[in-house]
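Take a look at the structure set out below.
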Amino acid sequence: MHCQTLILGAGAAGMMAAAHAGPGVLVLDHAKKPGEKIRISGGGRCNFTNLYCDPNAFLSGNPHFVKSALARYTQWDFIDLVGRHGIAWHEKTLGQLFCDGKSTQIVDMLLKEMEKSGAQLWLETTVRQVRHSDGRFVTRVEKAGEPLEITSKNLILATGGKSIPKMGASGLAYEIAAQFGHALTETRPALVPLTFGDRFAGISGVSAKSLVSNDKASFPEALLFTHRGLSGPAILQISSYWREGEEIVVNLLPDLDLSRHFREMRRSQGRRAVSAELSAHLPTRLVAHLGQELDFKGNIADLSDARIAALSEGLTSWRLKPTGSEGYRTAEVTLGGVCTSGLDSKSLMSNHLPGLYVIGEAVDVTGWLGGYNFQWAWSSGVAAARHIVETA
């Protein structure tokens, strides 16, 4: 069979592209249902974009690559689409927008947009081979146990990255892109919890406001202690900038000048226990755990300037070296991917093979936590689709 545009991947980027790419669109996916990452995102409510979406919130080998697509289809455009479908939403924190109801509302919205445009969707379909011949892409697939061959003028790679393999994530887009001469940048898990063995098993479930940093970035958000290590928004964010063997620095009291506070307390409330005062600012279980590493014994009046400085250093510049990360199993996204140098930033089309497009997570573009990666999916999908319509 023949179609104008074949899209591999019925995730956020693939469905968005299908809704805008004009007539003759066929979308393939190996899964039983479309948009599985959308469904599980945001605790089942889908953090579908961010009010403050900005190119500076994305990591890429080329930090300027995202600018064109994000400018041409913005967060406001997607918010307008959500509104037209009557989907209620709310802002949680830091510009993060979530559905009031279930995340499946976003999937249903995209399916309706695809239906309106006439796009077909084949699920439980496995891609066996892709080649390019006589100006056409030839894709061999298997559907319901039957081999089929599909020719298309355009081919959009929207199969995502390697994160969450239990949902079927794979490196298919990378393999096909490399087959057609595209360079790949190193891939690794991103927005992922960091592991520390059983170091924090005793305080698993405790969370605290924090400022987590390394020499590349800094994030003032909550962290969560787990049986395996550290998680929470601040840790997920810094994980995208962290490499194995490196340290992270945790400030557990980002809103308090602890040295000054203790010196003032020493004059006015010297009889107060050090541990009691710290428990007024930090979870009690965390204070008890940290007391095994730092000396919290005695009253504030007993604290010398040197000991105050040591306590402040230990609590506001806590240097930790993760043993690793939880890997693709729990990573929200994949860092790296198809190198942007081989793609046109306006259209997401291959610079050397007309008709081949790479969009979404498959590209070497990774956003911060908080709706940025979904916005890249919407924007890159629309960019590719519009180019296909313009050049038809």
Side-chain angles (χ1 to χ4, degrees), residues 1-39 46 48 69 72-73 77-87 103-127 130 132 135-144 146 148-160 172-173 176 346-350 354-360 362 374-375 377-392:
M1 66 169 289
H2 177 75
C3 63
Q4 182 74 1
T5 301
L6 180 64
I7 301 176
L8 305 184
M15 287 194 287
M16 194 67 174
H20 292 82
V25 174
L26 172 62
V27 183
L28 307 182
D29 201 292
H30 68 279
K32 293 182 179 180
K33 295 180 179 180
E36 281 296 88
K37 262 197 169 181
I38 299 173
R39 182 184 61 80
C46 188
F48 56 81
R72 294 169 68 235
Y73 190 88
D77 293 314
F78 194 78
I79 291 169
D80 180 64
L81 176 63
V82 168
R84 294 202 306 271
H85 282 262
I87 300 173
S103 56
T104 49
Q105 291 178 288
I106 299 296
V107 178
D108 292 341
M109 176 191 77
L110 294 170
L111 289 172
K112 288 176 184 176
E113 290 292 307
M114 287 172 58
E115 182 180 4
K116 187 168 66 175
S117 72
Q120 294 184 65
L121 173 61
W122 289 5
L123 298 171
E124 298 183 90
T125 302
T126 303
V127 175
V130 179
H132 189 260
R136 299 280 180 175
F137 293 94
V138 183
T139 305
R140 288 180 54 245
V141 304
E142 186 176 305
K143 178 175 171 60
E146 295 293 325
L148 295 167
E149 192 169 89
I150 305 165
T151 61
S152 60
K153 178 183 177 183
N154 306 299
L155 178 67
I156 299 180
L157 305 182
T159 57
L172 180 62
I176 297 173
K346 181 179 178 181
S347 66
L348 279 297
M349 189 176 76
S350 168
L356 177 66
Y357 299 80
V358 189
I359 61 176
F374 272 131
Q375 186 58 47
W378 317 137
S379 298
S380 62
V382 170
R386 284 176 175 170
H387 187 259
I388 287 171
V389 172
E390 292 166 2
T391 57

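Along the sequence shown, residues are numbered consecutively beginning with 1.
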Note, Glu146 side chain near Glu142 side chain (heavy atom, < 4.5 Å):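 Side chain of Glu146 against side chain of Glu142, heavy atoms only: no contact under 4.5 Å found.
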Close side-chain approach of Leu110 and Asp108, heavy atoms under 4.5 Å: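 A side-chain contact under 4.5 Å is absent here.
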State the [atom1]-[atom2] distance between [X] and [Y], to the nearest 0.5 angstrom.
X      : Y      : atom1 : atom2 : result
Thr104 : Lys33  : OG1   : NZ    : 9.0 Å
Phe374 : Phe48  : CZ    : CZ    : 10.5 Å
Thr5   : Phe137 : OG1   : CZ    : 10.5 Å
Leu6   : Ile150 : CG    : CD1   : 5.5 Å
Leu81  : Tyr73  : CG    : OH    : 5.0 Å

Salt bridge flag under 4.0 Å for residues Glu115 and Lys112: no
salt_bridge(Glu36, Arg39) N-O dist < 4.0 Å: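 So Glu36 pairs with Arg39 through a salt bridge.
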Shortest non-hydrogen separation from Val107 to Pro34 and the atoms involved: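 Closest approach of Val107 to Pro34, heavy atoms only: CG1-O, 3.8 Å.
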Lys153: side-chain contact (heavy atoms from CB on, under 4.5 Å) partners, not counting sequence neighbours: Gln4, Arg136
Ala383 backbone acceptor or donor facing Arg72 side chain under 3.5 Å: no
Polar side-chain atom of Thr159 near backbone of Leu157 as donor-acceptor pair, under 3.5 Å: no
Side chain to side chain donor-acceptor pair (under 3.5 Å) assessment of His85 paired with Gln105: CA-CA 9 Å; His85 282 262; Gln105 291 178 288; over 6 Å; no
Residues that Ser379 engages under side chain to side chain donor-acceptor pair (under 3.5 Å), provided they are two or more places apart: Gln375
Side-chain donor/acceptor pairs under 3.5 Å, residues 13-30, sequence neighbours excluded:
from: His20; atom 1: ND1; to: Met16; atom 2: O; distance (Å): 2.9
from: Asp29; atom 1: OD1; to: Ala31; atom 2: N; distance (Å): 2.9
from: Asp29; atom 1: OD2; to: Ala10; atom 2: N; distance (Å): 2.7

Reference residue Ser347; test side chain to side chain contact (heavy atoms under 4.5 Å, CB included); the match among His387, Glu390, Arg386: His387
